[in-house]
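Because only heavy atoms are used, hydrogens play no part in the values below, and waters and symmetry mates are left out as well, while side chains stay in. All values reported here derive from a predicted model rather than from experimental measurement.
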Amino acid sequence: MAKIQPLGDRVLVQAEPAEEKTSSGIIIPDTAKEKPQQGTVIAVGAGKVENGNKIEMSVNKGDKVLYGKYAGTEVTLDGEEYLIMRESDIMGIVS
């Protein structure tokens, strides 16, 4: 199994699956599905250095996070789809 370790202030996120059907039971075709904006942090980078000071990451592996609709770069690893994004693309942690 391959492994991705994000560098710097990047985060590897596995998006939650898109809704398959509406609350009333109507099946949503692939072309009409909303892109997920929530996922689980799989791995985090070491943080970034700014003006000689190391800034620690504020998210951790296992956190459920919200991110922008077009945030990150999609990558596929061992048949699973992930997003690699900067920590600043994450809007919040869901608790």
Side-chain angles (χ1 to χ4, degrees):
M1 179 177 166
K3 184 178 175 184
I4 297 176
Q5 178 59 48
L7 300 176
D9 66 337
R10 289 183 175 81
V11 179
L12 181 68
V13 174
Q14 185 168 31
E16 289 190 359
E19 292 293 322
E20 297 288 325
K21 58 181 164 178
T22 64
S23 58
S24 60
I26 298 171
I27 296 175
I28 303 170
D30 288 340
T31 55
K33 288 181 185 173
E34 283 287 320
K35 189 174 178 183
Q37 292 178 268
Q38 184 171 327
T40 303
V41 175
I42 303 300
V44 296
K48 65 180 176 180
V49 176
E50 209 171 83
N51 298 325
N53 298 319
K54 184 175 180 190
I55 300 172
E56 298 291 329
M57 300 292 278
S58 56
V59 296
N60 298 302
K61 182 178 177 179
D63 286 348
K64 289 212 177 280
V65 294
L66 294 173
Y67 50 86
K69 187 179 277 193
Y70 302 105
T73 300
E74 295 176 354
V75 295
T76 303
L77 181 66
D78 294 334
E80 294 284 330
E81 291 187 15
Y82 299 95
L83 291 167
I84 294 180
M85 64 185 72
R86 293 198 178 273
E87 183 183 36
S88 60
D89 290 335
I90 295 174
M91 293 186 268
I93 298 172
V94 178
S95 55

| Does the side chain of Val11 come within less than 4.5 Å of Pro6's, by heavy atoms? | no
| Is Glu87 reaching over with its side chain to a backbone N or O of Met57, donor-acceptor style, under 3.5 angstrom? | no
| said: Are Asp9 and Ile55 packed together at the side-chain level, in the sense that at least one heavy-atom pair is separated by less than 4.5 angstrom? | reply: no
| Is there a path of hydrophobic side-chain contacts, each under 4.5 Å between heavy atoms of I, L, V, M, F, W or Y residues, that connects Val13 with Leu66? | no
| said: Would you compute the distance between atom CG of Leu83 and atom CD1 of Ile42 and round it to the nearest 0.5 angstrom? | reply: 10.5 Å
| said: If I take atom CD from residue Gln37 and atom OH from residue Tyr67, how far apart are they, to the nearest 0.5 angstrom? | reply: 8.0 Å
| request: Identify which one of Lys48, Met85, Arg86 satisfies the side chain to side chain contact (heavy atoms under 4.5 Å, CB included) criterion when paired with Arg10. | output: Arg86
| message | What's the separation between atom CD in Gln5 and atom CG in Leu12, rounded to the nearest 0.5 Å? | response | 9.0 Å
